[in-house]
Each structure stands twice: as structure tokens, then as C-alpha cells.
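Numbers restart at 1 for each chain; the letters A, B, ... are given by sequence-line order, proteins then strands. The model shown is predicted, which means the values in this text are computed figures rather than measured ones.
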Amino acid sequence: MAELTQTQELRENQDVLLEINNLTVVYKSDEEIVHAVNGISFQVGVKETIGLVGETGAGKTTTALSIMRLLPERTGFIEGGEILYNGMDLVTKPQNEMRMIRGSLISMIFQDPMTSLNPIMTVGDQIYESLEIHNTDNKTRQQLDERVNELLTLVGIQPRRKKEFPHQFSGGMKQRIVIAIALACEPQLLIADEPTTALDVTIQAQVLDLMRELKEKLDTSMIMITHDLGVVAETCDKVAIMYAGEIVERGSVEDIFEGKQHHPYTEGLFGAIPNLEEETDRLSPIDGLMPNPTDLPSGCKFHPRCKYCMDICREQVPPVYLEDGHMIACHLVVKED
Amino acid sequence: MSKYIFKRLLIVIPTMLAVILIVFLLMNLTPSDPASVILGPNATQEAKDKLNQEFGYDKPVLVRYFDYVVNLVQGDMGTTYTTSRSVFTEVTMRFPTTLKLAAIGITLAVVLGVPLGIVAAVKQYSIFDIIGTATSMFMASVPGFWLGLMLILLFALKLGILPSYGNATWVHYILPSVTLALPVAASILRMTRTTMLESIRQDFVRTARAKGQIERKVIFKHALHNALLPVVTVAGTEFGFLLGGAVVIEQVFSINGVGKLLLEGIRMKDVPLVTGCAVFICFLFMIVMLLVDILYAYIDPRIRDRYTRA
Ligand SMILES: Nc1ncnc2c1ncn2[C@@H]1O[C@H](COP(=O)(O)OP(=O)(O)OP(=O)(O)O)[C@@H](O)[C@H]1O
Ligand SMILES: [Mg+2]
């Protein structure tokens, strides 16, 4: 336990790399407005890994795409809030400046490795492309080629296979190539959107190990989006639990796995809250469905599914309870205090 | 790859036999006979019978079919009934005109259709998209001869800046090839738009953007390259059709191409000429489609793999 508090202290003294304040994102179409992300805030410190956890449709990918400023052009809009990267606001950055940041300072690994690679370009060329785009110190073609080999070796693929096309690789190897692309320019922040969900269980572990190893080696901060509590326990320093576009609970891994108080949704996710050592792979299902993001419930958005639901939950947005960096947005927790 | 090409070439043979058979049967189904057409209504039955006998037209259709194939294998396409010239000479004499028309037509169509299709997709729902899509719908639905006539009316009669018929100089090719190109451009535009829209939404395009790639390269290097296959198919097929002679357009503009020759042959019930045209067109079409397939392999490594493994 002494060790835990020590690392926690260390972390709190760290510099903040990414700070998201009150981010609100909607998808607009002719018929409806989807409230995908509703005023979320969190921070990512240098070298830190934060886990973004939640059911499908919680707004995890939307959050990631907002940071990259890659929301679908005509439908996805950042309605409010700020995304401060090293103190500069990415929300107001023009696209041509954003382009210089993407791939060099912030990289993203997408959900499905099967479709993330261009099927008609050799994998070597696809890694090379990343390097070439951000080749600010005018390295020669040869030097870049050398670096491609290096990266392939780094992710455990023989460099001589760089002339091959994506369809000649297995799913796990494709994800390794995607990782090589993302890490090509040694970004400060890596956003991994369910990097292992599409992979076989046996390969998941390999890919996760690789990511952790590379992250250590390159001092990269990471946002790890996942459904898998096992992944969170293994890779993350901090966790944010998302529900219907909001963060309902946030804290260190220890807070989430071992803390005394929790948001009922988190409780539901874990079933009976396990401890860090115990194996809990999947999120346990909670009765009911995520509310329709075009028509969110009043008050606390979780109230229709909450087994502790009180009158006040239907009417008022829950206040934020905060203790030692452990945040919970719930009427219940506050009342108990 | 060469094994694949060889296999594909082998398929040409049965296809050709079938095409020739169909031509023979169809020509047989139509009323009248070559001699009646050539000698006119006033000729005696005796004279007609004699001429038909000379042509070998008195034999049953299947026997004629068989004879034709045997001769064809020996490189003899026969002589026409009407001009008594070698069918091969007749067709190859007309072919350069048709080829020129088809080549200009398809080039124009691609040059117009592909870029406009890209713009329509990239700027979906914009004014470019709406105008482009509407125009292409219109172009695809008006008949070619009407379009040809309208263009003649405007540029030849009203403005008087372009010749309306014949194929003496390159200027003569402008109106007919534009007439040919517009509907083809329309279908290429729509195909490009559809496949680009699909391609733009693919994950790997997002990956390219996530790398920080500039938008122009995202569109051309990643999205377009992956959208090309269906476009190549449409362009290739249309080119194959155009090579067969644009029967209607050649008629409208009085151009002595293969299409017009074929039509004359049908009118005169000139079986060797019609069959010769059909054989020639069919062969070219299959070659073009083979080239399209080879182009596929060049564009898409997955298809290349399939060919080399097969
Ligand atoms: N392009 C879009 N247009 C309209 N609505 C969208 C679009 N993309 C996502 N949404 C909606 O926004 C909400 C959040 O989606 P998002 O993809 O961020 O969820 P997620 O947490 O990543 O889910 P998953 O675990 O399934 O990946 C969902 O209700 C989804 O239907
Ligand atoms: Mg997602």
C-alpha cells in the first residue's frame, strides 16, 4: 500500500499533457441531433495512461476523434469546451495546423486493424508515408527506409516483409503494423481505440504487451479506450468511466478497483466490485439500455437503469463528489457524506 | 499471370462459336433471302435460286454454320454477297475509323467523368454534386441519336462551326465523338461518385488523415486509388462497346465505321459480312475485357495474388 500512495503522489506532481474541459460534441443530421459527448473533463499527464471505459455508444470514439479533430466533416461538431494540448487549444486550431500535430505529436490507433490499412499499398509504404509527412529535418529516402525497418523490427515483424500488402498478414500482425504507423514519429500522446477488441484472445495479450513496452520505451502518454476491465487493470494509471456522453466516475486505477465508493453504473459494470488481482474480463451487463442520445433523460442520465434511483435523480443533474482525485457524479454519494 | 491470360484466351474460342451460331440462327429467322434482296423484287425465282446456290445459301443453316467455322479456322472469313470482296478487307478497312471514334470518345468520357465524379463525391450535396448528378442522369437517359441530332442542330446548322457528317478530317470527329462520350461520361461520373463516396468513408482513409496527410493526397492516393476498379470496369466495357461500332451514331453522322457496315450487312442479308463483323467485334470486346482484368491485377494486389495462385 505504501508503494501505491507513492506512485500516486508521483503522478499528481506530473505535468499535464492533455487537458479536456467541458467538451461537448454533437452529430447533426437533417432529422436529428445526437448528443454524443456532453461536457466531459479529464486530464492526461506526461507518460500517463488513462483508460476510457464504457458501453457501446458511450461516446468514447467520439471523444478520441474530437482530440484528433477528425470528426466527420459535415455531421460531427464540437459544440463547446476546450482540448488543451500542452496548453494550446486544439478546438480552435485551423485544420492545416492540426495536420502537423496529427501523426507527429498525437497518434491514433483505430478500432479495427482489418480495415485500418490501405489494402493496395505495401505496409512498408504505409509506414514510410507517416515518416515522410513529418520529415521536418529532411532525412534522405534511405534514412527513412532504414527507420521503416527499425519500426517493423520494433513491433516484431521482419523488415523484409515490408514489400507485402496488408492482406498477406494476420489480424494481430496488421495491428502491429498499425502500431508501427502510429508510433513512427514518436508521438507524445497515443490514443488507442479498442486496439485489441477485434483480435483473438491469445493475440490480444501479445499486442497489449507490445504497446505497454513501446509506451515505456518512448515515454508516450496514452488514452486507452476499452471495454475490457482486464486491459484497464493491466495498462492504465487512471480511469474514466463514460456513460451516455458523460464521465460518471474518474480516478486512479486503485480508486476504481479498490475504492470504497462508486457510481452505481461503475458498480454495475464490475458486477460485484472485484479487486485488482481477480480476473474480471468483460463488463457485466446491466439491465436496460443506454438512453437514446437524441433524447437523453432529465436529471441523472443513468436514472432509468439505476437500482438506487431517487426522486431527485430524475430532476436534478447530480453534483460532483471529489476526494483525492476520485470523482463521482451521483446524488447518492453526496447524500451519504 | 501468363497462365491466367492463356486460360482467358482459351475461353474466347467457345464464346466465338456461340456468337457465330447465334448470328447464323438469327439471320436465318428473318424473312427473305440474299438473292431476293440483291436482285430486287422483279427477278425470276430461277435467277434467285441460282444466285442463292452460288452463295451456298441453299444448304441448311447448320451445314452453313459448320462450313463457316471450318473456313474461319483456316483464316478465311469468306467474301461478302453484295460486293464480292473479302469480308476481312471490308471490316479492317472500316475499322480505323471506328477505332479513332471509340478512342476519342472514351478518352473524352474518362477525362470528363472521373474528375467530375470525384468532385461530386468529395463535395457531396454541394452545387457541383447536384448539377453533376442531374446532368449525368439526363445524359444517361436521352437516346444517342437525339443527342447527336441536337448537337448537329446547334453546332452545324445554327452556329455553323462544325461539320455534321462524314469523317474526312479530325474536325469531323468532334461532334460524333462528343455525342458518344457524353452518355459514357455520365455513367463514369456516377460510378466514380458512388465508389468514391464509399471509399472516402473507409477506415484506411481516416488512418491517412490521422497520419497528418494533406487532404489532396488523402483523396487521390488513398480514396481514389481504391475506388478505381469499378470505374475501370465501366470505362473498359464502354470502350469495348464503342469498338463494336456505334451503330446509331455512325448512322446519324454518316460515318463509314464498322457499325454502319454491320447495319448495311443486315439490311442486305449479307450473312458472311454480318458474321464477319460479329466475329471481329466479339474478339475485340473480349480482348478489351481481358486487358481490363490485367489492369485490375495491376491496381489491386489482392487480385494479383488470386491470379498468380490460380
Ligand atoms: N457519424 C455519426 N453520425 C451520427 N451519430 C454518430 C456518428 N458516430 C457516432 N454516432 C453516435 O454517437 C454516439 C457515440 O458514438 P461513439 O462511436 O463515440 O461510441 P463508442 O463509445 O465509441 O462506442 P463503441 O464502444 O461501440 O465503439 C452513439 O450514439 C453513436 O450512435
Ligand atoms: Mg468506438
Calculate, to the nearest 0.5 Å, the distance between atoms [atom1] and [atom2] belonging to [X] and [Y] respectively.
X	Y	atom1	atom2	result
A:I120	B:N226	CD1	CG	3.5 Å
B:E215	A:Q95	CD	CD	8.5 Å
B:D203	A:L117	CG	CG	10.0 Å
B:H225	A:N118	NE2	CG	8.0 Å

Nearest heavy-atom neighbours spanning A:S116 and B:T207: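 Here A:S116 and B:T207 meet closest at O-OG1, 2.7 Å.
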Where A:R99 and B:G212 come nearest, the two heavy atoms and their spacing: NH1-O, 2.6 Å
Do the side chain of A:H134 and the main chain of B:K211 share a donor and acceptor less than 3.5 angstrom apart? yes
Short side-chain to backbone donor-acceptor contact, B:R209 and A:L70, under 3.5 Å: no
Engaged part of [X] at the chain B interface, taking heavy atoms whose separation is under 4.5 Å:
X	value
A:S130	both
A:M114	neither
A:I101	neither

Heavy-atom distances under 4.5 Å only: say whether [X] touches chain A with side chain, backbone, both or neither.
X	result
B:Q202	neither
B:R304	side chain
B:K217	neither

Within a 6.0 Å radius of atom [atom1] on [X], are there more than 12 heavy atoms belonging to other residues, nucleotides or ligands?
X	atom1	result
B:F283	CZ	no
A:D137	CG	yes
B:F241	CZ	no

Contacts with chain A made by residues 121-137 of chain B (heavy-atom distance under 4.5 Å), listed by residue number: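 The stretch touches chain A at B:V122, B:Q124.
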Evaluate B:R302 against A:F165 for side chain to side chain contact (heavy atoms under 4.5 Å, CB included), listing each step before the verdict. CA-CA 8 Å; B:R302 287 166 297 183; A:F165 292 90; over 6 Å; no
Donor-acceptor pair between B:H222 and A:Q126 side chains, under 3.5 angstrom: no
A:E129 bridged to B:K221 by N-O distance under 4.0 Å: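 Yes, this pair counts.
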Are the side chains of A:P119 and B:D300 in contact, using a 4.5 Å heavy-atom criterion?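 No, their side chains stay 4.5 Å or more apart.
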Chain B contacts, top residue of A:E132, A:M100, A:R74 (heavy-atom pairs, under 4.5 Å): A:R74
